[in-house]
Amino acid sequence: LTNLNIFTLQGNHLESTIPTQIGKLTQLTVIVLSETNFHGTIPTTIGLLTTLTRFGLMANDLSGTIPSEVGLLTNMESFGLRDNKISGEIPSQMGLLVNLIYFLVQDNSLT
């Protein structure tokens with residue numbers, strides 16, 4: 001799977017956590033795991049996916065904070081985390097995402 005470009009599981013009911021091994025899929029440009037009943041935190045290994053342009057984890061049961069490693073995803077155009085239980089501050093590293101067009105984080109507990 002190391003050459004995988006697009007990974008979408010939207011609308012399934014996996015009821016799992018996002019594995020840290022996701023960082024090994026370094027050719028991913030799109031990851032959409034919305035509405036899959038994922039819980040737990042966003043792994044910091046997400047920062048290894050530097051080719052990502054679209055990141056969608058909306059409408060899950062994710063908690064914790066947005067990892068600062070997201071700032072390494074400088075090709076990111078769309079970032080969606082709406083309707084989760086994410087808390088804390090939006091990391092200042094998000095300011096490095098100069099290609100970002102969509103930033104959807106409503107319905108969380110961000111400060």
Side-chain angles (χ1 to χ4, degrees):
L1 293 177
T2 55
N3 292 320
L4 190 65
N5 290 119
I6 298 173
F7 184 50
T8 178
L9 293 172
Q10 185 170 353
N12 286 289
H13 299 283
L14 301 177
E15 299 184 25
S16 183
T17 58
I18 301 170
T20 58
Q21 294 86 348
I22 196 129
K24 293 182 179 181
L25 302 176
T26 57
Q27 299 303 309
L28 280 180
T29 57
V30 174
I31 184 167
V32 179
L33 304 175
S34 300
E35 301 171 359
T36 52
N37 291 333
F38 275 116
H39 58 273
T41 59
I42 301 168
T44 57
T45 55
I46 206 81
L48 299 173
L49 306 179
T50 56
T51 57
L52 271 184
T53 59
R54 184 174 174 206
F55 178 81
L57 294 174
M58 298 181 285
N60 281 295
D61 197 25
L62 295 169
S63 58
T65 60
I66 298 173
S68 61
E69 289 81 0
V70 169
L72 300 171
L73 308 177
T74 56
N75 292 311
M76 185 72 62
E77 296 174 1
S78 176
F79 183 85
L81 274 178
R82 78 165 166 73
D83 198 19
N84 278 286
K85 296 177 182 174
I86 304 295
S87 59
E89 294 185 4
I90 296 171
S92 61
Q93 292 86 345
M94 294 292 295
L96 301 172
L97 306 183
V98 296
N99 295 309
L100 195 62
I101 299 169
Y102 299 103
F103 183 65
L104 309 168
V105 295
Q106 65 268 33
D107 297 321
N108 282 289
S109 296
L110 295 165
T111 56

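The first residue in the sequence is number 1, and the count goes up from there.
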key: Residues forming a ring-ring contact (aromatic ring centres under 6.0 Å, His included) with F7, sequence neighbours excluded   = none
Quick one: side chains of residues 37-45, donor-acceptor pairs under 3.5 Å with protein atoms, not counting sequence neighbours, listed by atom name and distance.
residue, atom, partner, partner atom, Å
N37, ND2, H13, ND1, 3.0
H39, ND1, S16, O, 3.3
T45, OG1, T20, O, 2.7

ask   = Can you name the closest pair of heavy atoms from I86 and L81 and give their distance?
value =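 Taking every non-hydrogen atom into account, CG1-CD1, 4.4 Å.
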ask   = Which other residues end up in the same hydrophobic cluster as V30, if Ile, Leu, Val, Met, Phe, Trp and Tyr are linked when side-chain heavy atoms come under 4.5 Å apart?
value =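 Hydrophobic cluster check, V30: joined to I6, V32.
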request  = Please tell me if the side chains of L62 and N108 come closer than 4.5 Å, counting only heavy atoms from C-beta onward.
outcome  =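 They are not in side-chain contact.
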ask   = Honestly curious: do L9 and I18 fall in one hydrophobic cluster under the side-chain, below-4.5 Å linking rule?
value =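 In one cluster: yes.
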query = Does any pair with a residue in residues 89-111 pass ring-ring contact (aromatic ring centres under 6.0 Å, His included), and if so which ones, sequence neighbours excluded?
reply = F79-F103
Donor-acceptor pairs under 3.5 angstrom involving side-chain atoms of residues 46-56: please list them, not counting sequence neighbours.
residue, atom, partner, partner atom, Å
T51, OG1, T26, O, 3.2
T51, OG1, L28, O, 2.5
T53, OG1, T29, O, 3.0

request  = Can you tell me which residue pairs pass the salt bridge (Lys or Arg N to Asp or Glu O under 4.0 Å) test with a partner in residues 15-44, sequence neighbours excluded?
outcome  = none
key: Pairwise salt bridge (Lys or Arg N to Asp or Glu O under 4.0 Å) hits with a residue in residues 59-75, at least two apart   =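 For residues 59-75: D61-K85.
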task = Mind checking side-chain hydrogen bond (donor to acceptor under 3.5 Å, both in side chains) for N60 and listing every partner two or more places apart, or none if nothing turns up?
result =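 For N60 the side-chain hydrogen bond (donor to acceptor under 3.5 Å, both in side chains) partners, ignoring immediate neighbours, are T36.
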inquiry  = Please report the interatomic distance CG(L73) to CD1(I31), rounded to the nearest 0.5 Å.
reply    =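 Output value for this atom pair is 10.5 Å.
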